[in-house]
K.L.:
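Here you go, one structure.
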Amino acid sequence: MSSALTVLYGGTFDPIHLGHLHIARAARDRLQATVSLMPAADPPHRELTGANAAQRLAMVRLAVADETGLQVDARELERDEPSYTVETLRQWRAQHGKERPLAILIGADSFLSLPSWYRWQELADLAHLVIAERPGHHTETSQSPELRQAYAERFTDRAQDLSGRPAGLALRLLQSEMDLSATRIRREIAAGGPEWRLAVKPAVARYIEQHGLYGCPQGLRADIH
């Protein structure tokens with residue numbers, strides 16, 4: 001990619017599916033940037049849904065192996081302390097410097113909940129925000145007063161603006177909706193039907209079957225693709 005902008009796209013990716021890749025590709029193409037998918041660590045307070053951090057990381061690597069401009073960042077799995085986004089961004093800055101353009105890609109719901117994040121006011125000093133929105137689901141009218149005040153003057157419609165400065169801007173990424181859900185995929189795997197294989201990359205389907213994840217019987221082959 002010609003741009004120096006890096007986009008961090010975090011999530012549990014449990015499992016990573018075509019909807020995740022659709023958003024990552026949209027950000028890559030709109031921003032002409034490298035998008036680093038960043039699996040979250042296993043939460044200490046929540047029971048695992050079927051795949052541990054190492055398995056989720058392996059699936060993400062399989063999913064992006066043949067994707068130009070998409071890569072994997074495993075930093076949140078390598079830390080012992082809680083993976084607060086602001087700490088992740090500080091760590092990235094310590095490695096890559098204060099002047100490189102950096103953005104984090106989040107969903108509209110995450111953006112609206114930003115005031116509940118740890119030290120959320122500091123995010124704009126460390127990175128741009130790219131907000132994935134579905135058509136007809138704009139966030140303008142749903143923002144809390146404190147969020148509106150914090151970001152009212154930061155939005156831009158020009159993707160190139162994010163490459164021109166290290167941090168501090170916000171951009172809406174409108175993309176077509178894919179009706180996919182990791183929760184639903186896990187449910188379909190446990191139910192034993194074949195439909196779920198259409199929602200993930202073939203290599204990810206094979207990994208799920210080989211490791212018996214989410215209640216999938218081991219030893220099956222993902223031949224539907």
K.L.:
Which atom pair, heavy atoms only, marks the closest approach of Arg197 to Ala205?
P.N.:
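Of all heavy-atom pairs spanning Arg197 and Ala205, the closest is CG-CB, 4.4 Å.
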
K.L.:
Quick one: pull up OG1 in Thr6 and CG in Leu31 and give me the separation to the nearest 0.5 Å.
P.N.:
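It comes to 11.0 Å.
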
K.L.:
Please lay out, stage by stage, how Arg186 and Trp196 fare under the test side chain to side chain contact (heavy atoms under 4.5 Å, CB included).
P.N.:
CA-CA 8 Å; Arg186 294 194 300 268; Trp196 65 270; over 6 Å; no

K.L.:
What is the minimum heavy-atom distance between Ala124 and Ala167, and which atoms define it?
P.N.:
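Scanning both residues, the minimum pair turns out to be O-CB, 3.5 Å.
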
K.L.:
Kindly indicate, with the supporting measurements, whether the criterion salt bridge (Lys or Arg N to Asp or Glu O under 4.0 Å) is fulfilled by Glu99 and Arg93.
P.N.:
CA-CA 9 Å; Glu99 299 306 315; Arg93 285 291 178 201; over 6 Å; no

K.L.:
Is there a donor-acceptor pair closer than 3.5 Å between any side-chain N or O of Arg30 and the backbone N or O of Arg25?
P.N.:
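Such a contact is absent between Arg30 side chain and Arg25 backbone.
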
K.L.:
Closest approach of Leu18 and Lys201, non-hydrogen atoms and distance?
P.N.:
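Reported closest heavy-atom pair: CD2-N, 4.1 Å.
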
K.L.:
Go through Gln71 and Thr34 one step at a time and tell me if the side-chain hydrogen bond (donor to acceptor under 3.5 Å, both in side chains) criterion holds.
P.N.:
CA-CA 7 Å; Gln71 61 187 27; Thr34 297; 5.2 Å; no

K.L.:
Anything under 30° is parallel, anything over 60° is perpendicular, the rest tilted; go ahead and classify Trp120 against Tyr151.
P.N.:
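The rings of Trp120 and Tyr151 lie parallel, inter-plane angle below 30°.
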
K.L.:
Can you confirm if the NZ or CZ of Arg172 lies within 45° of the ring axis of Phe155 and under 6.0 Å from the centre of its six-membered ring?
P.N.:
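Yes - Arg172 lies over the ring of Phe155, closer than 6.0 Å to its centre and within 45° of its axis.
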
K.L.:
Mind listing the closest non-hydrogen atom pair of Ala33 and Leu5 along with its distance?
P.N.:
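Here Ala33 and Leu5 meet closest at CB-O, 3.3 Å.
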
K.L.:
Compare every heavy atom of Ala203 with every heavy atom of Leu62, then report the nearest pair and how far apart it is.
P.N.:
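Smallest interatomic distance, heavy atoms only, reads CD1-O, 3.7 Å.
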
K.L.:
With a 3.5 Å distance limit and no angle check, can you tell me whether Arg184 reaches the backbone of Asp179 through a side-chain donor-acceptor pair?
P.N.:
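Pair found, side chain donor or acceptor close to backbone of Asp179.
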
K.L.:
Please verify the inter-ring angle class for Phe13 with Tyr9; under 30° counts as parallel, over 60° as perpendicular, anything in between as tilted.
P.N.:
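Perpendicular, since the angle between the ring planes exceeds 60°.
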
K.L.:
Any salt bridge linking Glu87 with Arg75? Criterion: basic side-chain nitrogen under 4.0 Å from a carboxylate oxygen.
P.N.:
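Arg75 and Glu87: not salt-bridged.
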
K.L.:
So Leu77 and Met38, side chain to side chain contact (heavy atoms under 4.5 Å, CB included) or not? Walk me through it.
P.N.:
CA-CA 9 Å; Leu77 306 184; Met38 190 170 57; over 6 Å; no

K.L.:
Quick one: does any side-chain atom of Arg154 pair with a main-chain N or O of Gly168 as donor and acceptor, under 3.5 Å?
P.N.:
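Checking the backbone N and O of Gly168 against the side chain of Arg154, a donor-acceptor pair under 3.5 Å is found.
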
K.L.:
Is a salt bridge present between Glu209 and Arg206, judged by a nitrogen-to-oxygen distance below 4.0 Å?
P.N.:
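So Glu209 does not pair with Arg206 through a salt bridge.
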
K.L.:
Determine yes or no for a side-chain-to-main-chain donor-acceptor pair under 3.5 angstrom, with His17 supplying the side chain and Ala199 the backbone.
P.N.:
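Looks like no, no N/O pair under 3.5 Å.
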
K.L.:
Heavy-atom distance under 4.5 Å between the side chains of Leu162 and Val130, does that happen here?
P.N.:
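When only atoms from C-beta onward are counted, Val130 and Leu162 do touch, with a gap below 4.5 Å.
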
